[in-house]
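Just so it is clear, the model here is predicted, and its values are computed rather than measured. The figures that follow rest on heavy atoms only: side chains count, while hydrogens, waters and symmetry mates do not.
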Amino acid sequence: MPEILQAVKKLDDEARAIKKEALKTCWYMRGLSYSEAMHLSWEEREIVNEIVNENLEMTSKTGLPFF
């Protein structure tokens, strides 16, 4: 039984991480809905996160406001 509880906990943690990543992406991308973010594939989420990080790096280097 403990193995099942551990597996369920692991899946819950993974689901929470996906939701957090989707919501963070929505915040950064402004205009992307939560529903749209949840329908992105793993590869698409990875690409969007790369774009967000590039934009953060660019604004940091140039001193321009991010918001």
Passes side-chain contact (heavy atoms from CB on, under 4.5 Å), T25 versus V52? Steps please.
CA-CA 8 Å; T25 300; V52 167; 5.6 Å; no
Taking all atoms of both residues into account, what is the closest heavy-atom pair of Y34 and A22, and its distance?
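That closest heavy-atom pairing would be CE1-CB, 4.1 Å.
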Is a side-chain N or O of T62 found less than 3.5 angstrom from the main chain of M58, in a donor-acceptor match?
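Here the side-chain-to-backbone pair exists.
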Point-to-point distance, once rounded to the nearest 0.5 Å, from [atom1] of [X] to [atom2] of [Y]:
X	Y	atom1	atom2	result
L40	N49	CG	CG	9.5 Å
Q6	E3	CD	CD	6.5 Å
L32	L23	CG	CG	10.0 Å

Is there a chain of hydrophobic side chains (I, L, V, M, F, W, Y, each step under 4.5 Å between heavy atoms) that links W27 to M29?
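Yes: a chain of side-chain contacts under 4.5 Å links W27 to M29.
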Is V48 linked to M38 within one hydrophobic cluster, defined over Ile, Leu, Val, Met, Phe, Trp and Tyr using a side-chain heavy-atom separation of less than 4.5 Å?
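No, separate clusters.
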Would you list the pairs meeting salt bridge (charged side-chain N to carboxylate O under 4.0 Å, His left out) in which at least one residue belongs to residues 31-52, sequence neighbours left out?
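Found E21-R45.
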Hey, are R16 and D12 close enough for a salt bridge, meaning a charged N less than 4.0 Å from a carboxylate O?
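So R16 does not pair with D12 through a salt bridge.
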Please identify which of these residues, I51, L56, N55, meets the side chain to side chain contact (heavy atoms under 4.5 Å, CB included) condition with Y28.
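Checked I51, L56, N55 against Y28; only one passes side chain to side chain contact (heavy atoms under 4.5 Å, CB included): L56.
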Partner set under salt bridge (Lys or Arg N to Asp or Glu O under 4.0 Å) for K20, not counting sequence neighbours
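Applying salt bridge (Lys or Arg N to Asp or Glu O under 4.0 Å) to K20 gives none.
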